[in-house]
Structure formats: structure tokens, C-alpha cells
Asker: 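Sharing a structure here in C-alpha cells format.
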Amino acid sequence: MTNTVVFLIYHGMGHFNACFRLAKSLSSDHDVVFAGHSSFKSYIETQGFIFYPLSTVPFGMGLEQWINEQQKSKYPYLKTIQDRWSDRLYKLREAELNQLLKDLEPDTILIDSYQSTDFIVLYPSIKNTSTRVAFIQTMLPTIVRENLPPINSTILPSDTDEIKKAWKQFRWKSIKKTAKEKLRYLGMDDNAIIQRRIGKNKIPTSLLAEEKNLRGASFTNIDEFILAPAEFDFQQHISNVFQKYIGFQPDLKRIEVSDMEYFKLDAEIRRKVKENESILIYCSFGSVRASDTSAVNTF
């Protein structure tokens with residue numbers, strides 16, 4: 001009987017793309033299924049994979065307001081407060097992921113580290129089963145360590161003074177963010193939502209990491225497969241035996257969907273590289289918000 005591997009991936013194109021080559025490798029002796037937001041169904045199936053559409057979003061990530069705006073709630077702010085206190089996003093996610101377990105009966109689930117709270121949702125249903133769970137990190141680890149620059153900064157690891165300044169700013173921003181959320185949502189900030197459910201789902205302390213994550217919940221003693229080489233990370237990060245750096249996994253046969261302007265520009269760049277016998281260095285920025293495009297263009 002063929003084993004089933006489920007990739008439970010965050011709703012970002014770059015997150016799916018990063019997993020395709022690994023998924024194709026596994027598909028030689030496993031049934032591979034991608035699960036994610038339903039809007040990606042056509043794209044994933046174009047790559048030749050089975051897609052399990054989800055209508056819910058991960059909980060504890062501040063998506064309540066966005067959901068209510070998408071659903072055109074009459075009073076989105078008040079509904080957001082209600083949702084946070086009633087744990088609505090968690091309950092919806094729990095029902096859908098439990099249905100996924102029933103429908104697919106997976107042997108292995110790879111959870112996108114960006115939505116690590118899905119592990120909290122799945123834990124009660126899989127703790128006494130043979131289903132294995134690991135995280136898949138499509139970027140570098142987002143663990144917060146005070147002796148190193150924040151991963152979202154441009155500070156060099158040798159610049160100790162700037163690192164100290166960055167950490168002061170980081171702590172202050174975290175305090176302000178938490179205080180703002182507590183005030184705005186009457187005490188139910190993102191971390192409070194996550195901690196409440198960790199307690200209710202009885203997640204063992206042996207699985208909870210002391211170090212914070214830039215997003216979501218932090219875990220330990222759970223394998224995390226990192227789709228980047230160890231050489232790209234800070235040396236001090238490479239100490240956790242549960243983190244496996246398996247390197248970049250580009251799928252060169254991925255079927256792209258782009259406009260003609262992209263292909264014209266690509267052809268022109270390749271022509272210049274060939275004529276000048278140059279070397280082309282490709283940098284992927286992942287998902288870029290509209291407000292960040294100027295910084296990307298400057299780079």
C-alpha cells in the first residue's frame with residue numbers, strides 16, 4: 001500500500017513553488033497531495049499534483065479582520081473581537097483538518113513553518129496514531145536569537161553594536177504590538193489565542209520551544225526540513241538536531257504562468273548574458289507586498 005504525504009502549505013505562491021521538486025522526488029514511491037487555499041487548485045493541478053482545497057485559514061495569525069472583510073461582515077471590527085474570544089478561526093480550521101485526516105488518511109504531514117499553529121490543531125487527532133508530522137521551512141529558520149541579527153534585518157553578524165540596537169527596537173516593537181492588540185481586542189491578542197489553545201489541546205511542554213518565532217508558535221523536538229543550505233544561515237543557528245538543511249530545491253520543469261512582458265524581458269536578459277559572457281545571479285524575494293516594491297526595485 002502506497003504511503004500518502006500531505007504538504008500543508010501557506011497561501012503564498014513562493015511557498016508552493018519551493019516544495020515542488022521535493023514533492024516530485026517523494027512521488028516516486030508516495031502519493032503526494034498538496035493542501036491549501038482553494039484559489040491555488042488550478043495552479044497545483046497544472047504541476048501534476050493532487051490538490052485538496054481548504055476554505056479555512058490558520059488561526060493565531062491575526063487573520064480574523066481580513067476574513068470578516070472578505071466575508072463582508074456588517075460590523076467587521078466587532079465580529080473580529082467576537083471571533084477572537086470565541087476561537088472561531090480555530091474551530092473552523094479544526095473541523096476542516098480533521099476532515100482532511102479522514103479523507104486522505106496520510107502517513108506523513110509536512111506543515112509549512114509559516115503556519116506552525118496547524119500543528120496545535122492536528123495534535124489531538126494524531127498524537128495516538130502512526131501519522132508522522134514535520135515542518136517544512138521554505139525560507140531560513142525564523143527563530144529569534146539575541147546574539148544574532150534579526151533575520152528580517154540587514155545587519156552583519158559581526159556588528160555587535162548594531163545588533164544590540166536592533167534587539168532593543170525589536171523588543172520595543174513586540175511590546176507595542178502586543179499592547180496594541182490587547183487594547184484593540186480587549187485582551188485577546190494573537191499570542192493569547194495561541195497560548196489558550198496550547199493549554200486546551202494539552203501540547204506537551206517537551207514540544208514547546210523557549211525561543212520565540214517571528215511568526216506563529218515555536219516548537220522543538222519536531223523535525224523541520226529547511227529548503228536552503230546551511231551555508232546561507234548564521235553559524236550559531238545550526239545547532240538544533242531537529243532542523244535538517246536539505247538545500248535549495250528548484251523545480252526547473254515547473255510550469256509557469258506569466259504574461260508576455262515577462263518572457264520578453266527574460267529573453268532580453270539572457271541575450272545580454274550570452275553576448276557578454278556574463279554570469280546571471282537570480283534572487284527570489286518570495287511574496288512581496290505592494291508597499292515593499294520600491295525597496296525590491298532599489299536592490
Side-chain angles (χ1 to χ4, degrees), residues 4-28 30-54 57-58 61 63 100 106 108-119 122 132-143 151-152 213-219 222-234 237-238 240 242-258 262 266 280-289 292-293 295-296 299:
T4 299
V5 178
V6 172
F7 283 77
L8 189 54
I9 303 300
Y10 184 75
H11 48 279
M13 187 72 80
H15 289 253
F16 282 101
N17 287 343
C19 298
F20 289 157
R21 183 178 173 187
L22 176 62
K24 287 181 178 179
S25 298
L26 291 171
S27 65
S28 63
H30 296 78
D31 288 332
V32 174
V33 180
F34 276 88
H37 194 274
S38 56
S39 60
F40 288 91
K41 184 176 187 296
S42 176
Y43 181 66
I44 302 305
E45 289 180 344
T46 299
Q47 310 303 324
F49 296 110
I50 299 170
F51 189 72
Y52 189 96
L54 300 173
V57 296
M61 297 178 64
L63 296 172
L100 178 150
T108 304
I109 302 175
L110 298 175
I111 303 173
D112 193 325
S113 295
Y114 204 65
Q115 55 186 50
S116 59
T117 57
D118 275 342
F119 175 77
L122 289 166
R132 296 173 297 177
V133 173
F135 292 112
I136 186 160
Q137 174 59 267
T138 61
M139 302 175 283
L140 287 168
T142 52
I143 289 174
I151 196 170
N152 56 352
N213 213 325
L214 284 177
R215 191 178 182 92
S218 300
F219 297 98
I222 301 173
D223 286 331
E224 180 179 36
F225 299 102
I226 301 160
L227 301 183
E231 290 81 359
F232 273 58
D233 204 353
F234 297 124
H237 263 172
I238 309 168
N240 188 337
F242 304 102
Q243 291 180 314
K244 324 287 187 183
Y245 292 80
I246 63 175
F248 295 126
Q249 297 285 308
D251 179 13
L252 301 181
K253 295 183 179 179
R254 187 177 76 221
I255 300 173
E256 280 290 357
V257 180
S258 301
Y262 168 83
D266 179 65
L280 178 64
I281 299 176
Y282 175 79
C283 296
S284 173
F285 289 91
S287 302
V288 179
R289 297 178 301 179
D292 293 334
T293 53
V296 172
F299 179 88

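This chain uses plain numbering: 1 for the first residue, then up along the sequence. Just so you know, these numbers use all the heavy atoms, side chains as well, and skip hydrogens, waters and symmetry mates.
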Asker: List the steps, then state whether ring pair (Phe, Tyr, Trp, His ring centres under 6.0 Å) holds for F51 with F40.
Answerer: CA-CA 8 Å; F51 189 72; F40 288 91; 7.4 Å; no
Asker: Would you confirm whether Q47, through its side chain, and F49, through its main-chain N or O, come within 3.5 Å as a donor-acceptor pair?
Answerer: no
Asker: Contact between P141 and D233 at the side-chain level, heavy atoms closer than 4.5 Å - yes or no?
Answerer: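 The answer is yes; the side chains approach within 4.5 Å.
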Asker: Of all the heavy-atom pairs spanning T142 and Q137, show the shortest one and how long it is.
Answerer: N-NE2, 4.1 Å
Asker: Tell me the closest heavy-atom pair linking L140 and F232, and the distance in Å.
Answerer: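 For L140 versus F232, the nearest heavy atoms are CD1-O, 3.5 Å.
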Asker: How many angstroms lie between CD in E256 and OH in Y262, if you round to the nearest 0.5 Å?
Answerer: 6.0 Å
Asker: Is the backbone N or O of S39 less than 3.5 Å from a side-chain atom of H37, with the two atoms forming a donor-acceptor pair by type?
Answerer: yes
Asker: Given side chain to side chain contact (heavy atoms under 4.5 Å, CB included), test Y52 with L100 step by step and report yes or no.
Answerer: CA-CA 8 Å; Y52 189 96; L100 178 150; 3.8 Å; yes
Asker: Within the supplied structure, the quantity of interest is the number of heavy atoms (other residues, nucleotides, ligands) at a distance under 6.0 Å from K41 NZ; does it exceed 12?
Answerer: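 Atom NZ in K41 is not packed in, count stays at 12 or less.
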Asker: Take M61 and Y10 through the side chain to side chain contact (heavy atoms under 4.5 Å, CB included) test and state the conclusion after the steps.
Answerer: CA-CA 12 Å; M61 297 178 64; Y10 184 75; 3.8 Å; yes
Asker: Any heavy-atom pair between the side chains of L110 and L8 that's under 4.5 Å?
Answerer: no
Asker: Once you round to the nearest 0.5 Å, how far does OG of S38 lie from CD1 of I44?
Answerer: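 Those atoms lie 12.0 Å apart.
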Asker: Could you tell me if the side chain of S113 sits less than 4.5 Å from the side chain of I136, heavy atoms only?
Answerer: no
Asker: May I ask you to decide if I226's main-chain N or O and Q243's side chain share a donor-acceptor pair within less than 3.5 Å?
Answerer: no
Asker: Does one side chain, of D118 or Q115, offer a donor that lies under 3.5 Å from an acceptor on the other?
Answerer: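 The answer is yes; a qualifying pair exists.
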Asker: Measuring from atom OG of S116 to atom CD of E224, what distance do you get when rounded to the nearest 0.5 angstrom?
Answerer: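 These two atoms lie 9.0 Å from each other.
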Asker: I'd like to check T117 versus F119 (side-chain heavy atoms, cut-off strictly below 4.5 Å). Are they in contact?
Answerer: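 No, their side chains stay 4.5 Å or more apart.
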Asker: Pairing donors with acceptors under 3.5 angstrom, does anything connect the side chains of Y114 and N213?
Answerer: no
Asker: Return yes if some donor-acceptor pair links the side-chain N/O of S25 with the main-chain N/O of R21 below 3.5 Å, else return no.
Answerer: yes
Asker: Rounded to the nearest 0.5 Å, how far apart are NE2 of H30 and OG1 of T108?
Answerer: 6.0 Å
Asker: Does the side chain of K244 come within less than 4.5 Å of D223's, by heavy atoms?
Answerer: yes
Asker: What's the spacing between D112 CG and F7 CZ if we round to 0.5 Å?
Answerer: 11.0 Å
Asker: Do N17 and R254 have side chains that get closer than 4.5 Å, going by heavy atoms?
Answerer: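 They are in side-chain contact.
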Asker: Could you check whether F135 and F225 have their ring centres less than 6.0 Å apart?
Answerer: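 Ring-ring flag for F225/F135: false, centres at least 6.0 Å apart.
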Asker: For the rings on F20 and F34, is their centre-to-centre separation under 6.0 Å?
Answerer: yes
Asker: P106 versus V33: any side-chain heavy-atom pair under 4.5 Å?
Answerer: no
Asker: Measuring from Y245:OH to L227:CG, what's the distance to the nearest 0.5 Å?
Answerer: 12.0 Å
Asker: Do the non-hydrogen side-chain atoms of K24 and L26 ever get within less than 4.5 Å of each other?
Answerer: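 Side-chain contact under 4.5 Å: no.
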Asker: When you look at CZ of F248, are more than 12 heavy atoms from neighbouring residues, nucleotides or ligands closer to it than 6.0 Å?
Answerer: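 Above 12, so yes.
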